Asker: 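Just dropping this structure here.
Note on naming: letters A, B, ... go to the chains in the order of the sequence lines (proteins, then strands), and numbering restarts at 1 for each one. Only a predicted model underlies this, so the values are computations on that prediction, with no experimental measurement involved.
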Number of protein chains: 2
Amino acid sequence: MTQQADFNVLTETCPSRTSLSRIANKWTAMVVIVLGAGRMRFGDLRAAVQGISPKVLTGTLRDLERDGLVARYAYAEIPPRVEYELTALGHTLHTPLHALGRWAEENIPEVLAAREAYDTLR
Amino acid sequence: MTQQADFNVLTETCPSRTSLSRIANKWTAMVVIVLGAGRMRFGDLRAAVQGISPKVLTGTLRDLERDGLVARYAYAEIPPRVEYELTALGHTLHTPLHALGRWAEENIPEVLAAREAYDTLR
DNA sequence: CCCATCGGTCACCGACCGTGACCAGCCCCT
DNA sequence: AGGGGCTGGTCACGGTCGGTGACCGATGGG
């Protein structure tokens, strides 16, 4: 059974909150969404997640690797080749993050309309 | 059919990305999760989302209000009373964000183990 | 000899997050 | 009459984080 754990993200000191802080992040979400398609090289990832800087991509991937969500494969070639892949745990995270991305895409018309309404009357 | 929109969060200039940036955020996630339980006062919200400062809570709520996800009801009483509630659109966002929170709670043991393993060998 | 390729790192800068102090307005208590 | 409490904020201040542009090492190709 999926046991109801003693963890609660709303509790300030709960370790699950540190995890939420990391995954509830736009760059993390986009990287995980892209990696859902399969193993990918650093450069391809950078091209897929438009606008991400190498520094931020490196940092995001390292954090994901540390949390066991992404595996890193480095090949000692010249020029270097490094590939990234979701782990089994990472795949379970892909589902909710992908849903979040789809929500943003599907509901952006309503959001834009709400923003315009808000901005015009204040 | 849920039509495949022309929006793609991976595209740098797509407006859906501005929406993703806002919702893929730890404070936003926690506030929406809590508001899923129903209409709530500012002070109760602040107590429920442990550790959030009034400044950040105010800012988060205003952004959510602007995007049409939260409705604000202010009563001209002394002491003042202000209530917040998810809109219909906000409720559709509650589902994926709640899933994200649950993911964090359910998988934190594995994440903590991965972190420890990572930190010991580097 | 020099440039391109790839996966980064580094110094710098501005934006955002968190902290603590403070506010208005009316009530109640002394 | 004066002082404190209640609520939903705002403000000034710092530190941390994200973003930008320059640069790197090692090798293959022209």
Asker: Does a side-chain N or O from A:Arg41 land closer than 4.0 Å to OP1 or OP2 of C:dG7, or not?
Answerer: yes
Asker: Are A:Val56 and A:Leu69 co-members of a hydrophobic cluster defined by side-chain heavy atoms under 4.5 Å apart?
Answerer: yes
Asker: Taking C-beta and beyond as the side chain, do A:Tyr84 and A:Asp44 meet within less than 4.5 Å on heavy atoms?
Answerer: no
Asker: Please report, rounded to the nearest Å, how far the C1' atom of C:dC16 is from the CZ atom of B:Arg22.
Answerer: 12 Å
Asker: In whole angstrom, what separates A:Arg81's CZ from D:dG28's C1'?
Answerer: 16 Å
Asker: Distance check needed: C:dA4 P versus A:Glu77 CD, whole Å only.
Answerer: 22 Å
Asker: Send over the distance from B:Leu57 CG to D:dG9 P, rounded to a whole Å.
Answerer: 8 Å
Asker: Closest approach to the side chain of B:Thr58, judged atom by atom: which nucleotide of D:dT10, D:dG18, C:dG18 is it?
Answerer: D:dT10
Asker: Classify A:Tyr75 by what it touches in the nucleic acid, base, sugar-phosphate, or nothing, heavy-atom distance under 4.0 Å.
Answerer: nothing
Asker: A:Arg46 has an atom CZ; how far is it from atom P of D:dG21, in whole Å?
Answerer: 11 Å
Asker: Just to confirm, is there a sub-4.0 Å distance from OP1 or OP2 of D:dG19 to any side-chain nitrogen or oxygen of A:Trp27?
Answerer: yes
Asker: Out of C:dG8, C:dC26, D:dG8, which nucleotide sits closest to the side chain of B:Ile78?
Answerer: C:dC26
Asker: Under 4.0 Å: is that the gap between some side-chain N or O of A:Lys26 and OP1 or OP2 of D:dG19?
Answerer: yes
Asker: So, do B:Thr60 and B:Met30 sit near enough that their side-chain heavy atoms are less than 4.5 Å apart?
Answerer: no
Asker: Once you round it to whole Å, what is the distance between C1' of C:dC13 and NZ of A:Lys55?
Answerer: 10 Å
Asker: Can you check whether B:Tyr84 has a side-chain N or O nearer than 4.0 Å to OP1 or OP2 of D:dG9?
Answerer: yes
Asker: Using every non-hydrogen atom in the two residues, find where B:Leu100 and A:Pro96 come nearest and quote the distance to one decimal.
Answerer: CD1-CB, 3.9 Å
Asker: Map A:Pro79 and A:Val56 onto DNA chain D by nearest heavy atom, then report which one ends up closer to the 5' terminus.
Answerer: A:Val56
Asker: Using the side-chain heavy atoms of A:Val82, tell me which of these nucleotides is nearest: C:dG7, D:dG8, D:dT7.
Answerer: C:dG7
Asker: Whole-Å distance between D:dT20 P and B:Glu12 CD?
Answerer: 8 Å
Asker: State whether A:Arg72 places a side-chain N or O below 4.0 Å from either non-bridging phosphate oxygen (OP1 or OP2) of C:dG8.
Answerer: yes
Asker: Is any side-chain nitrogen or oxygen of A:Arg62 closer than 4.0 Å to OP1 or OP2 of C:dT9?
Answerer: yes
Asker: Nearest-Å distance, CD1 (B:Ile52) to P (C:dC16)?
Answerer: 16 Å
Asker: Between B:Glu105 and A:Val9, what is the shortest heavy-atom contact and its length?
Answerer: OE2-N, 3.0 Å
